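Step one of this worksheet: look at the structure below.
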Number of protein chains: 2
Amino acid sequence: MREFGGECCDMRGLLGFLILFLLSKKPMHGQEIANELAKRRGEKPSPGTIYPALKSLKDLGFLSEEKEGKTITYGLSPKGEKALEIAKKRFTRTFLGIIT
Amino acid sequence: MREFGGECCDMRGLLGFLILFLLSKKPMHGQEIANELAKRRGEKPSPGTIYPALKSLKDLGFLSEEKEGKTITYGLSPKGEKALEIAKKRFTRTFLGIIT
DNA sequence: CAGATCATATTGGATGTCCGATATATATAA
DNA sequence: TTATATATATCGGACATCCAATATGATCTG
């Protein structure tokens with residue numbers, strides 16, 4: 001049970017969900033997202049984590065992107081917003097009562 | 001990204017955490033825990049999921065148990081309560097703002 | 001134009017998570 | 001006693017997650 005062995009409570013499986021949530025607050029590019037996740041998690045996700053995650057979300061049609069020079073600013077597509085709402089409901093039902 | 005492919009938002013990596021939380025509310029045996037998880041998740045975890053998870057938590061010294069016939073009622077040990085508090089803090093910091 | 005820096009991207013692999021199938025033990029029913 | 005149901009337990013393996021290392025491309029500075 002990895003989440004209590006010292007690296008308690010990582011976000012296994014919920015990374016995409018967290019990214020969608022963060023992007024719903026404010027459009028960001030990859031590094032900004034990584035930094036924002038670092039604040040929450042305590043550790044900055046590696047490039048090999050963040051970019052494949054973004055690619056997956058993009059492939060699912062959940063992201064809008066705007067390229068400007070070397071940076072790509074991501075936001076939520078309408079499909080992404082819808083997916084986030086559904087995911088939020090499930091997340092809330094599953095973890096209800098834990099956050100007090 | 002499995003959590004949006006149709007089986008959105010499973011609890012990957014947070015199963016042990018959820019079990020500790022449930023047991024902090026009320027001591028339960030394996031099947032009760034599985035049923036309680038079913039309510040939250042929508043799907044009942046299989047025996048191959050729930051019992052290894054309980055074993056891990058037990059091996060970590062987080063559970064107290066009381067055997068009575070064929071059922072084993074689990075509760076939290078002092079060590080388990082402490083671990084839950086720490087895990088709750090991390091969870092809250094990570095997912096703050098998502099549950100509205 | 002080099003050289004440095006930053007953002008993005010890919011890939012290989014170690015590890016973790018969870019399920020299905022199966023097995024054991026206890027209790028209940030016929 | 002035999003059959004059935006329920007709770008617990010284990011094992012093998014499919015799949016997912018995430019990181020480290022590395023590579024690509026753009027921007028800036030000397």
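Just so it is clear, the model here is predicted, and its values are computed rather than measured. Residue numbering restarts at 1 for every chain, and letters A, B, ... go by the order of the sequence lines.
Residues forming a side chain to side chain contact (heavy atoms under 4.5 Å, CB included) with A/Glu81 (at least two apart in sequence, or on another chain): A/Leu76. Qualifying side chain to side chain contact (heavy atoms under 4.5 Å, CB included) partners for A/Glu85, counting only residues two or more places apart in sequence or in other chains: A/Lys88. By the side chain to side chain contact (heavy atoms under 4.5 Å, CB included) test, A/Lys39 is found to be paired with A/Glu36, residues two or more places apart in sequence or in another chain being considered. With sequence neighbours excluded, no residue forms a salt bridge (Lys or Arg N to Asp or Glu O under 4.0 Å) with B/Lys82.
Atom-to-atom, CD of A/Glu43 to P of D/dA20 comes out at 8 Å; the value is rounded to the nearest Å. When rounded to the nearest whole Å, the span between CD of B/Glu65 and C1' of D/dA7 equals 14 Å. Atom CD of B/Glu68 is separated from atom C1' of C/dA27 by 13 Å (rounded to the nearest Å). Rounded to a whole Å, the CG atom of A/Leu54 is 14 Å from the P atom of D/dT17. The distance from atom CG of B/Leu60 to atom P of C/dG16 is 13 Å, rounded to the nearest whole Å. The CG-P distance, from A/Leu37 to D/dC18, rounds to 10 Å in whole Å. Between A/Leu14 atom CG and C/dC18 atom P there is a gap of 10 Å when expressed in whole angstrom units. In this structure, CZ of B/Phe17 is placed 18 Å from C1' of C/dG16, rounded to the nearest angstrom.
The line from OG1 of B/Thr92 to CZ of A/Phe95 is 11.5 Å long, rounded to the nearest 0.5 Å.
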Between the protein and nucleotides 1-8 of chain C, which nitrogen or oxygen pairs come in under 3.5 angstrom?
| from | atom 1 | to | atom 2 | distance (Å) |
| --- | --- | --- | --- | --- |
| C/dT8 | OP1 | A/Gly30 | N | 3.4 |
| C/dT8 | OP1 | A/Ile72 | N | 3.1 |
| C/dT8 | OP1 | A/Ile72 | O | 3.3 |
| C/dT8 | OP2 | A/Gly30 | N | 3.2 |
| C/dT8 | OP2 | A/Gln31 | N | 3.0 |
| C/dT8 | OP2 | A/Tyr51 | OH | 2.7 |
| C/dT8 | O5' | A/Tyr51 | OH | 3.4 |

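At the heavy-atom level, A/Gly48 lies under 4.0 Å from base atoms of the strands shown.
Applying the side chain to side chain donor-acceptor pair (under 3.5 Å) test to pairs two or more places apart or on separate chains, none has a residue in residues 63-74 of chain A.
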